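Source: prediction; values computed, not measured. Counting starts at 1 for both ligands and their atoms, in listed order.
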Amino acid sequence: MKFLPSVRFAQKMDREDPLRKFRSYFLIPGSNNKSLIYFSGNSLGLQPKSTRKFIAGELDDWATLGVEGHVNARRPWIRYHHFTKKALARLVGAKRGEVVAMNQLSVNLHLMLVSFYRPTKERYKIIMEEGAFSSDQYAIETHLKFRGMDPSDALVEIKPRQGEYSLRTVDILDVIRQHASGLALILFGGVQYYTGQYFDIEEITKAGHQAGSLVGFDLAHAVGNVPLSLHKDEVDFAVWCSYKYLNSGPGGIAGVFVHEKHGKNLNTPRFAGWWGNDEKERFEMKKGFRPAEGADGWQLSNVPVLQAAAHMAALEVFQNTGMSALRKKSNLLTGYLEFLLRSFDPAKKYFLIITPEYPDRGCQLSLLIRKNGETVFKGLSNAGVIADWREPDVIRVAPTPLYNTFLEVYRFVEIFKEQFQHR
Ligand SMILES: *Cc1c(COP(=O)(O)O)cnc(C)c1O
């Protein structure tokens, strides 16, 4: 695609965009006559217009049915976790039995670590990327300490080479091989939250398995952003949240993937609650936990229906398109952003794009601002851009293919340029 730096070109791209109708499915922040340029779908995705109706439906059923809603609601509450499976399985490339929506991401990560971090005297090391999201670091740190281990011995963090910002796959695979004999678990981001790097899930998983390790991914920034094929790639487990690219609302219900080879093995150790018990006898309240087959067997509590209703509304939008169409537009949209930014500052005097090039990224670009980054960020905010600031010097911008436009990308770069004019 030959990009041009003009309003007319951006408008033409929008007119010819096969996904253009999806913007109208969302509520775009801003006042009536001036919408904001919302490039923070990687932090909190926008609200689908249908969300209110889905939640109101459950409130109505609760009002008219009370407890009977568990069975008699239009979408019976005791079966609610089944209703999101089809869409989730499609988004992450899994079988329906391998996914379930439940809890929040960090909670789920702990549950997965209970099951899949099973250190022995010889095999106890964990490999992660350096600078992983704080919650993931804390989860790992406390699992190690809980088991009486020393994180400085057991945890191996992979860093980029000197002067680089992202990890090379060859280096990741090398570290895995080096630690092969002592490795228990690899936990990696799918898309790194800070740099936006999209890791090679298939290669990392394969190398991990060859080393005799289990391999899990935190897909917070990957799900709904990049294509995933967790089943085929034989990933052991994965976790994600639903309020970023999945647009399911602040604090929305999260999700897990457990590969069927573990899900079908009812002896896989876990922490249990009644909702993970075999559904057929859940209400018999018998002694002795008998896990349901598949990811369902990791559920603890009954489903938070209002959050799950918002999740369903958002997933329905994805069911009307697919990750390959979204990926195609995402590449163009973020590619256009990259093109305009590079044309503005070819010598990289003002800023550096630390996100790798397509295909090793999703829609986010992380811009390392060389001087007074926070002032630049404030200037953007004052001009109606919603992006995000990450200490010490990075602005993350994420034009999302479901609701952002090429014209917004063009306008954003015009505003961005202005921030450097009087320096
Ligand atoms: C957003 C995000 C989280 C957030 O965790 P919650 O439990 O949803 O608060 C965790 N890990 C990563 C990598 C994230 O990007």
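- In this structure, Trp274 has its ring center under 6.0 Å from that of Phe283.
- At the top of the distance list for atom 8 (O) of ligand 1, counting protein heavy atoms only, stands Tyr243 OH, 2.6 Å.
- Between Lys261 and Glu234 there is a salt bridge, since at least one side-chain N of the basic residue sits less than 4.0 Å from a carboxylate O of the acidic one.
- The aromatic rings of His259 and His231 lie parallel to each other, their planes meeting at an angle below 30°, with 60° marking the opposite boundary.
- Residues Glu408 and Arg23 are paired through a salt bridge, judged by an N-O separation under 4.0 Å between the basic side chain and the carboxylate.
- Listed by number with element, the atoms of ligand 1 under 4.0 angstrom from any heavy atom of Ser106 are 5 (O), 6 (P), 7 (O).
- Remark: ligand 1 atoms within the under-4.0 Å shell around heavy atoms of Ala220 are 2 (C), 12 (C), 13 (C), 14 (C), 15 (O).
- Partner of His82 under the side-chain hydrogen bond (donor to acceptor under 3.5 Å, both in side chains) criterion, chosen from Arg75, Arg96, Glu279: Glu279.
- When only interatomic distances are considered, the shortest N/O to N/O separation between His221 and ligand 1 falls below 3.5 Å.
- Protein heavy atom nearest atom 2 (C) of ligand 1, with residue, atom name and distance: Lys244 NZ, 2.4 Å.
- At the top of the distance list for atom 3 (C) of ligand 1, counting protein heavy atoms only, stands Phe133 CE2, 3.4 Å.
- Ring geometry for Phe22 versus Tyr25: interplanar angle of 30 to 60°, hence tilted.
- Residue Asp136 places at least one N or O, backbone or side chain, under 3.5 Å from an N or O of ligand 1.
- Of the heavy atoms in Asp218, only side-chain atoms (C-beta onward) come closer than 4.0 Å to ligand 1.
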